[in-house]
Amino acid sequence: NDIPIQVEAKAKVGYNFVRWEGIDSTDPLVTFMPTEDMTVTAIYEEADDWGFAVISEIHFDVPSEQGGDGNKEFIELYNPGPGSYDLSGLTIRGAIDFVFPETSSIASKSYVLLARNADGYKDLDIPVYQWSDGKLSNSGEQIEIVDRENEPVDKLVYESISPWPL
């Protein structure tokens, strides 16, 4: 059975890959020839300075007292981690299509806003980005954030059902 095996270690948020136990490598992607009774284990450690982005609020179906035309639509992201998180290249897709520019980041325990019209939120004390393509559906839809490798970062489906609005 001379069939090589390739495995890749992917750390969960808040952890870093350290090394393999059972083979001599610190590369997260390894190819090896297995031997009888061989055990290979990925070893991780808790990261001290990690961060990530979650969708924390969606403002859609804008009420008439706020203009009602959709210019006040936004998606808010939050980083609950103890470290900053690099947003560069993250893509939000579904309702809208937006790619965060290089050097974009979100500080620990902080928010960023992605708005249909950034000028409407320029007085906020957080970074505000503006999307140029798409609109949030007033009846709901799926929104997904993916990284540069197209791996999911966060995903949700929102709907406009009673008792909406709250």
Compare all side-chain heavy atoms of [X] with those of [Y] and state whether any distance is below 4.5 angstrom.
{"X": "L77", "Y": "F100", "answer": "yes"}
{"X": "I92", "Y": "D97", "answer": "no"}
{"X": "Q6", "Y": "F32", "answer": "no"}
{"X": "T91", "Y": "V99", "answer": "yes"}

Shortest non-hydrogen contact from [X] toward [Y]:
{"X": "D61", "Y": "S160", "result": "OD2-OG, 4.1 Å"}
{"X": "A115", "Y": "V128", "result": "CB-CG1, 4.3 Å"}
{"X": "F17", "Y": "Y44", "result": "CA-CD2, 3.6 Å"}
{"X": "L90", "Y": "V153", "result": "CD2-CG2, 3.8 Å"}
{"X": "K135", "Y": "N138", "result": "NZ-OD1, 4.1 Å"}
{"X": "F98", "Y": "Q130", "result": "CE1-O, 3.3 Å"}

Hphob cluster co-occupancy, [X] + [Y], side-chain heavy atoms under 4.5 angstrom:
{"X": "I43", "Y": "V40", "answer": "no"}
{"X": "Y111", "Y": "Y129", "answer": "yes"}
{"X": "V30", "Y": "I5", "answer": "yes"}

Compute the ring centroids of Y85 and F52, then answer whether they are less than 6.0 Å apart.
no
Going from [atom1] on [X] to [atom2] on [Y], what distance comes out if it is rounded to the nearest 0.5 angstrom?
{"X": "K72", "Y": "L136", "atom1": "NZ", "atom2": "CG", "answer": "14.5 Å"}
{"X": "L113", "Y": "H59", "atom1": "CG", "atom2": "NE2", "answer": "10.0 Å"}
{"X": "I145", "Y": "L156", "atom1": "CD1", "atom2": "CG", "answer": "8.0 Å"}
{"X": "K155", "Y": "Q142", "atom1": "NZ", "atom2": "CD", "answer": "5.0 Å"}
{"X": "I58", "Y": "F74", "atom1": "CD1", "atom2": "CZ", "answer": "9.5 Å"}
{"X": "I96", "Y": "I75", "atom1": "CD1", "atom2": "CD1", "answer": "4.0 Å"}

Any residue meeting salt bridge (charged side-chain N to carboxylate O under 4.0 Å, His left out) with E102, in chain and number order, not counting sequence neighbours:
R148
For a side chain to side chain donor-acceptor pair (under 3.5 Å) check, start with the C-alpha distance between D27 and S25, then their side-chain angles and the critical distance, and finish with the verdict.
CA-CA 5 Å; D27 189 342; S25 180; 5.4 Å; no
Taking only residues two or more places apart in sequence or in another chain, which ones pass side-chain hydrogen bond (donor to acceptor under 3.5 Å, both in side chains) with E8?
none
Y158 meets the side-chain hydrogen bond (donor to acceptor under 3.5 Å, both in side chains) criterion, sequence neighbours left out, with E141
For D119, does the CG atom have more than 12 heavy-atom neighbours from other residues, nucleotides or ligands under 6.0 Å away?
yes
side-chain contact (heavy atoms from CB on, under 4.5 Å) between Y15 and E45, intermediate numbers included
CA-CA 6 Å; Y15 290 87; E45 66 183 6; over 6 Å; no
